[in-house]
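Step one of this worksheet: look at the structure below.
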Number of protein chains: 2
Amino acid sequence: MRRNAEPPPRDEAELLARAEALAGLTLGELGGRRGLAPPTSPRRAKGWGGQLLEDCLGASAGSLSEPDFQLIGVELKTLPVDPAGKPLESTYVCTVPLAHLASPLWEDSNVRRKLARVLWFPLVTSRGAPVHARQLGTPLLWSPSAAQESRLRADWEELMELVSLGRAEEITARHGTVLQIRPKAADSHARTWATDAEGRRVRAPPRGFYLRTTFTAALLARHYAPGG
Amino acid sequence: MRRNAEPPPRDEAELLARAEALAGLTLGELGGRRGLAPPTSPRRAKGWGGQLLEDCLGASAGSLSEPDFQLIGVELKTLPVDPAGKPLESTYVCTVPLAHLASPLWEDSNVRRKLARVLWFPLVTSRGAPVHARQLGTPLLWSPSAAQESRLRADWEELMELVSLGRAEEITARHGTVLQIRPKAADSHARTWATDAEGRRVRAPPRGFYLRTTFTAALLARHYAPGG
DNA sequence: CGGGATCCAAGTGTGGATCCAC
DNA sequence: GTGGATCCACACTTGGATCCCG
């Protein structure tokens, strides 16, 4: 990837215009424009669509801990949906900081920063259909409503309190109503540095924050539903 | 590399025996034993000989900040020499910690740890000869004499005092009588984190500690010279 | 159905050093 | 001669996510 990437968009209007121009294309067609063939196995296609879109829309290359579109502060997220528009998967947000004991503030959190402004790109994914047939829907430029941010914040504070106490091991994907914590690693053997309840540096599985499908489903529904 | 590496030696005697059995071989012959052909361009061969030898002698794979032979606490260093046995290059020891302000102690330094016990392997390198013709000399298991350690320590303390003051930028390869600091990076654009004179985190070129050739020449001479 | 497990690409850092222009 | 610049391999990390079995 990162071959012949587009220049960064200068403002949200330009980004949205570019994005809307891609609606309706399949990943096969989009890849063809850049001379790239989608992986044939779905397992090997994880992330491929998202990175292809980044190139096509001019996201800054490999920006670390920066929004995908740094200049204008927008994060790009593809969202696999079924033909009815219902999200099929949870959405990864960012890694969970397991090594810092100090109880952090929502205002300073990566979750809040990442979700402050998002360009959602639905990707219509039919069960059993090949990767190249996945089809881009209509993109949506979004910021959390007050109610949405409250829910995110409540979950985040509850989860991070456990993390700050060195009790991250107790957290499962069942915690959190809209935001959850799940493994985020190459495999279950991966380890990163964490702080345990006694303040010692220990090895623990890396984790990530994810948005539940109920949250992204509601978000899409508010914009695309008849009368929404 | 790391293909079919040998098991680690159990003690210094076993390591030295294995090493001595390789004396006289060329890199071409040694690589042939493992089915590996030396790079044809000298530029692309940097480090190749050293890593090949690690495999042949059973060094622990990719051990980070650990001696090459962890079990027995020995570091392996190849040393390019001319046909008369005189070192052709300085010897890289370890990276310079640029980010920590606290003035460190020689006793805790990586330089001291790395050089506490070294298996030196001369590699006879004739000017203009191809990589495969470089020939292993007689290995030497070494620890610093009291006088050698005093010199290393004096240089290290002088250099690290400047580093601790955030004045690493003032250091050139001209400092130090036996130990020097030089760039250690993919290229001159590389940057790592450092602390400046005002205590701010800044970007700076990565540096390494190197032994001057005068030091390694004297070290070899003491063992191999007639009457040494 | 969804919680736990996994997959790819690319950037970064470290360890192995020697190259080469001035 | 040698100070500054460079070269390769590989582990690790992060960012992009979706897979898939119980």
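Chain identifiers are assigned alphabetically (A, B, ...) following the order of the sequence lines, protein sequences preceding nucleic acid strands; residue numbering begins at 1 within each chain.
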**Request:** Let me know the distance between OH of B:Tyr210 and C1' of C:dG15, rounded to the nearest Å.
**Result:** 11 Å
**Prompt:** Hey, is the side chain of B:Ser41 poking within less than 4.0 Å of OP1 or OP2 on D:dC7, counting only N and O atoms?
**Reply:** no
**Request:** Please report, rounded to the nearest Å, how far the P atom of C:dG11 is from the CZ atom of B:Arg191.
**Result:** 18 Å
**Message:** For a quick check of understanding: with a heavy-atom distance under 4.0 Å over all strands, which category does B:Pro183 fall into, base, sugar-phosphate or nothing?
**Reply:** base
**Complete:** Closest to the side chain of B:Arg43, out of D:dG16, C:dG3, D:dT6, is D:dT6
**Request:** Answer yes or no: does a side-chain N or O of B:Lys114 lie under 4.0 Å from OP1 or OP2 of C:dG16?
**Result:** yes
**Message:** Can you tell me which nucleotide in D:dT18, D:dG15, C:dC19 comes closest to the side chain of A:Ser90?
**Reply:** D:dT18
**Item:** Residues B:Arg18 and B:Glu6 bridged, charged N to O under 4.0 Å
**Value:** no
**Prompt:** Checking all strands, does A:Arg134 fall into the base, sugar-phosphate, or nothing category for heavy-atom contacts under 4.0 angstrom?
**Reply:** sugar-phosphate
**Message:** Under 4.0 Å, heavy atoms only, any strand: does A:Ala185 hit a base, just the sugar-phosphate, or nothing?
**Reply:** base
**Prompt:** What about A:Lys184, does its side chain sit under 3.5 Å from the base of D:dT14 through a donor-acceptor pair?
**Reply:** no
**Prompt:** What is the distance from CZ of B:Phe209 to P of D:dG3, rounded to the nearest Å?
**Reply:** 16 Å
**Request:** Evaluate whether atom CZ of A:Arg191 has more than 12 neighbouring non-hydrogen atoms of other residues, nucleotides or ligands under 6.0 angstrom away.
**Result:** yes
**Message:** So, OP1 or OP2 of D:dC8: does either fall under 4.0 Å of a side-chain N or O from B:Gln51?
**Reply:** no
**Message:** Between the side chains of A:Lys86 and A:Asp82, is the shortest nitrogen-to-carboxylate-oxygen separation below 4.0 Å, so that they form an ion pair?
**Reply:** no
**Request:** Mark yes or no for whether A:Arg134, through its side chain, and A:Gly49, through its backbone, hold a donor-acceptor pair below 3.5 Å.
**Result:** no
**Prompt:** Excluding sequence neighbours, so at least two apart, what forms ring pair (Phe, Tyr, Trp, His ring centres under 6.0 Å) with B:Phe121?
**Reply:** none
**Message:** If you compare every side-chain N and O of B:Arg182 against the phosphate oxygens of D:dG4 (OP1, OP2), does one of them come in below 4.0 Å?
**Reply:** no
**Asked** Picking from A:Leu123, A:Thr216, A:Leu220, what satisfies side chain to side chain contact (heavy atoms under 4.5 Å, CB included) with A:Val81?
**Response** A:Leu220
**Message:** Measure CD/B:Glu54 against C1'/D:dA9 and give the value in whole Å, please.
**Reply:** 11 Å
**Prompt:** Honestly, is A:Arg203 close enough over A:Trp193, meaning NZ or CZ under 6.0 Å from the six-membered ring centre and within 45° of the axis?
**Reply:** yes
**Prompt:** Touch check for A:Thr172, heavy atoms < 4.0 angstrom, all strands: base, sugar-phosphate only, or nothing?
**Reply:** sugar-phosphate
**Message:** Within residues 78-89 of chain A, which residues have any heavy atom lying less than 4.0 Å from an atom of DNA chain D?
**Reply:** A:Thr78, A:Pro80, A:Glu89
**Request:** To the nearest Å, give me how far apart CG (B:Leu211) and P (D:dT2) are.
**Result:** 15 Å
**Distance test, side-chain N/O of B:Arg212 to OP1/OP2 of D:dG3, below 4.0 Å** = yes
**Prompt:** Should B:Arg44 be listed as having a side-chain N or O under 4.0 Å from OP1 or OP2 of D:dA9?
**Reply:** no
**Item:** Minimum-distance nucleotide (side-chain atoms of A:Ala173 versus D:dA5, C:dG15, C:dG4)
**Value:** C:dG4
